[in-house]
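Only one structure is covered here, and it is reproduced in the block below.
Bear in mind that the values here come from a model prediction, so they are computed numbers and not experimental data. Remember, it's 1-based here, ligands and their atoms both numbered in the order they're listed.
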Amino acid sequence: MAARNISRFWEWGRKIICVGRNYADHAKELKNAIPTEPVLFLKPPSAYVREGSSILVPMYSSNLHHEVELGVVIGKGGTAIPQSTAMEHVAGYALCLDMTARDVQDECKSKGLPWTMAKAFNTSCPISEFIPKERIPDPGNVKLWLKVNDQLRQNGCTSQMIFSIPYLISYISEFITLEEGDLILTGTPKGVSAVQQHDKLQAGIEDIVTMSFRVDRQHQ
Ligand SMILES: O=C([O-])CC(=O)C(=O)O
Ligand SMILES: [Mg+2]
């Protein structure tokens, strides 16, 4: 069998662990409290979608939101990883969208139910190419941006994160063992908004990487 290549991590079928409310300005825009501990949820690997394929609005949603996020690709697994060595476990990064059926999430929140239907559906995790670690020497200080039909909607900086990347790796790995090929989505800055069928989304990490996706509706 050919050796697996981390630059195609999305083919490995590994976990996608998402951090929510990690930017105070986004927590505020959705009227959520600023968390004192990371808020975590999961997406399955079937959520991945790559450039060239469309993001699909689920049939049961009429308010699909974009959330641009820095993704951290794990290169070396571990359990209870100390913060001091956490960055040694990082192979690289990917630009990610945490597509969210906001209407469904609001309903789940009001009923105290899990967010799975709002966050984990097919195409809910559009990703860029793999970005080797060396290309982002300071992942705690890079700008993330997203445009819908050429209009800037999100423009944040990872320096605004409440919980840093080493802290998140250490915190998560205490109770979920991290494996090579796992992806951590580190949360979104403010500016989330609804997308419609035929919209064009473009996003970037500064000019280090850019990506572009079309939105379509899921057909029965
Ligand atoms: O707003 C949410 O749904 C929580 C979240 O994923 C984020 O803050 O990135
Ligand atoms: Mg998110």
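At a 3.5 angstrom cut-off on N or O pairs, Glu67 counts as close to ligand 1. Residue-to-ligand polar distances keep Thr100 apart from ligand 1: every N/O pair is separated by 3.5 Å or more. Here's the thing with Gln105: one of its N/O atoms is less than 3.5 angstrom from an N/O atom of ligand 1.
The side chain of Asp98, and not its backbone, has at least one atom closer than 4.0 Å to an atom of ligand 1 (non-hydrogen atoms only; side chain from C-beta on). Contact annotation: for Phe41 versus ligand 1, heavy atoms closer than 4.0 Å belong to the side chain alone. Under 4.0 angstrom from ligand 1, the non-hydrogen atoms of Arg102 all belong to its side chain. Residue contacts with ligand 1, taken as heavy atom pairs separated by less than 4.0 Å, involve Leu30 solely via side-chain atoms from C-beta onward.
With hydrogens and angles disregarded, a donor-acceptor distance shorter than 3.5 Å links the side chain of Lys43 to the backbone of Ser124. Between the side chain of Thr85 and the backbone N or O of Glu88 there is no donor-acceptor pair closer than 3.5 Å. When atom types are taken as modelled, the side chain of Lys15 and the backbone of Thr177 share a donor-acceptor pair closer than 3.5 angstrom. In this structure a side-chain-to-backbone donor-acceptor pair under 3.5 Å is missing from Thr186 to Gly71. Using a distance-only test at 3.5 Å, with no hydrogens or angles considered, a donor-acceptor pair links the side chain of Asp182 to the main chain of Glu179. Counting only distance, with no hydrogens or angles, the side chain of Lys133 and the backbone of Met87 share a donor-acceptor pair below 3.5 Å. The backbone N or O of Pro58 sits nowhere less than 3.5 Å from a side-chain atom of Ser61 that would complete a donor-acceptor pair.
Of the options Arg102, Arg153, Lys190, a salt bridge (charged side-chain N to carboxylate O under 4.0 Å, His left out) to Glu67 is made by Arg102 and by none of the others.
At least one heavy atom of Val19 lies less than 4.0 angstrom from ligand 1. Using 4.0 Å as the threshold, Glu69 has a heavy atom nearer than that to some atom of ligand 1.
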Handout entry: Trace of the side-chain hydrogen bond (donor to acceptor under 3.5 Å, both in side chains) decision for Gln154 with Thr188
Key = CA-CA 9 Å; Gln154 291 191 269; Thr188 198; 2.8 Å; yes
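Within the 4.5 Å cutoff, the side chain of His66 has heavy atoms near those of the Met99 side chain.
If you look at Glu67 and ask which of its N, O or S atoms sits nearest the Mg ion (ligand 2), the answer is OE1. The Mg ion (ligand 2) is closest to atom OD2 of Asp98 (considering only N, O or S atoms). The closest approach of Glu69 to the Mg ion (ligand 2), by N/O/S atoms, is made by OE2.
A cation-pi contact, defined as under 6.0 Å to the ring centre and within 45° of the axis, links Lys147 to Trp145.
At the top of the distance list for atom 8 (O) of ligand 1, counting protein heavy atoms only, stands Arg21 N, 2.7 Å. Scanning the protein heavy atoms around atom 1 (O) of ligand 1, the nearest turns out to be His26 NE2, 2.6 Å. Counting only heavy atoms of the protein, atom 4 (C) of ligand 1 lies nearest to Gly20 CA, 3.7 Å.
Interface of Gly187 with ligand 1, defined as ligand atoms under 4.0 Å from a residue heavy atom, comprises 9 (O). Residue-ligand proximity, Lys119 to ligand 1, at heavy-atom distances under 4.0 Å covers atoms 2 (C), 3 (O), 4 (C), 5 (C), 6 (O).
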